[in-house]
Each structure stands twice: as structure tokens, then as C-alpha cells.
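Data first, discussion second: the structure below is written as C-alpha cells.
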Amino acid sequence: DIIQGCGPDSSFQFYENKENWDVTIRKFVNRLKNGEMPPPLITEFKNNMIHIADGNHRFAALKKFGYKSYWCIIWFNNEDDFKYYKSYING
């Protein structure tokens with residue numbers, strides 16, 4: 001799972017009111033409909049989870065548009081986290 005940090009939920013680290021959020025997501029979805037491919041999401045691996053650092057709006061629009069996967073860049077804060085992640089994805 002990918003953890004969002006921004007959105008119209010008060011539990012997010014960065015709250016955005018629903019009206020503004022929905023307007024932005026609609027704009028991103030329209031851009032997807034027109035064939036535009038957004039840049040990869042930038043994520044951080046921390047606490048054994050992937051957190052979106054940049055791309056919360058893109059992530060929501062991609063999900064709404066029907067994407068099940070998309071490019072992302074994952075940064076790791078230390079080698080132990082990277083090793084843990086590699087062992088997890090390699091089974």
C-alpha cells in the first residue's frame with residue numbers, strides 16, 4: 001500500500017479542503033484523458049511503508065482514472081530499510 005500524506009481527510013499530515021482537492025483531481029483526470037502522462041510519484045520508504053512525498057494529487061487522479069500501477073521513485077533513508085524492502089519484494 002502507498003500512504004497518502006495530503007488530501008481532504010483530517011488524518012493526513014497536510015489537509016486540503018475537499019472542494020479544492022476535487023477541483024485539482026478533476027484537472028489531473030482531464031489531463032490524463034487528453035493523453036498526458038504525469039511525472040513519477042516521489043515516495044519515501046519509512047516505517048516499512050511507502051509514503052507519497054510528492055504526487056498526492058497525481059496519485060488520486062491516477063486511481064480515479066483506473067490505474068492500478070504507476071511509476072514511482074522510492075527513496076530510502078538508510079541501507080537497512082533498502083535491504084528490508086528488497087527482501088520483502090523478492091519474497
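In terms of heavy-atom proximity, H51 sits nearest to M49 at CD2-O, 3.5 Å.
Distance check, rounded to the nearest 0.5 Å: CD1 of I89 to OH of Y84 gives 12.0 Å.
The same ILVMFWY cluster, assembled from side-chain heavy atoms under 4.5 Å apart, contains both Y88 and F82. In this structure, I52 is not a member of the same hydrophobic cluster as L32, with clusters built from ILVMFWY side-chain heavy atoms closer than 4.5 Å.
With sequence neighbours excluded, the residues satisfying side-chain hydrogen bond (donor to acceptor under 3.5 Å, both in side chains) with D54 are R58. Among residues two or more places apart in sequence or in another chain, the salt bridge (Lys or Arg N to Asp or Glu O under 4.0 Å) test is passed with R26 by none. Qualifying side chain to side chain contact (heavy atoms under 4.5 Å, CB included) partners for N47, counting only residues two or more places apart in sequence or in other chains: none. Legend: residues meeting salt bridge (Lys or Arg N to Asp or Glu O under 4.0 Å) with K46, ordered by chain and number and at least two apart, are E44.
Sorted by first then second residue, the salt bridge (charged side-chain N to carboxylate O under 4.0 Å, His left out) pairs that include residues 80-90, not counting sequence neighbours, are E79-K83.
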Could you list the donor-acceptor pairs under 3.5 angstrom formed by side chains in residues 59-76, with sequence neighbours left out?
residue	atom	partner	partner atom	Å
Y70	OH	P38	O	2.4
W75	NE1	N77	OD1	3.1

List, one per line, each side-chain donor-acceptor pair under 3.5 Å for residues 2-18, sequence neighbours excluded.
residue	atom	partner	partner atom	Å
Q4	NE2	C6	O	3.3
D9	OD1	S11	N	2.7
D9	OD1	S11	OG	2.8
E16	OE1	H57	NE2	2.8
E16	OE2	W21	N	3.3
N17	OD1	E19	N	3.2
N17	OD1	N20	N	2.8
K18	NZ	D22	OD1	3.4
K18	NZ	D22	OD2	2.9

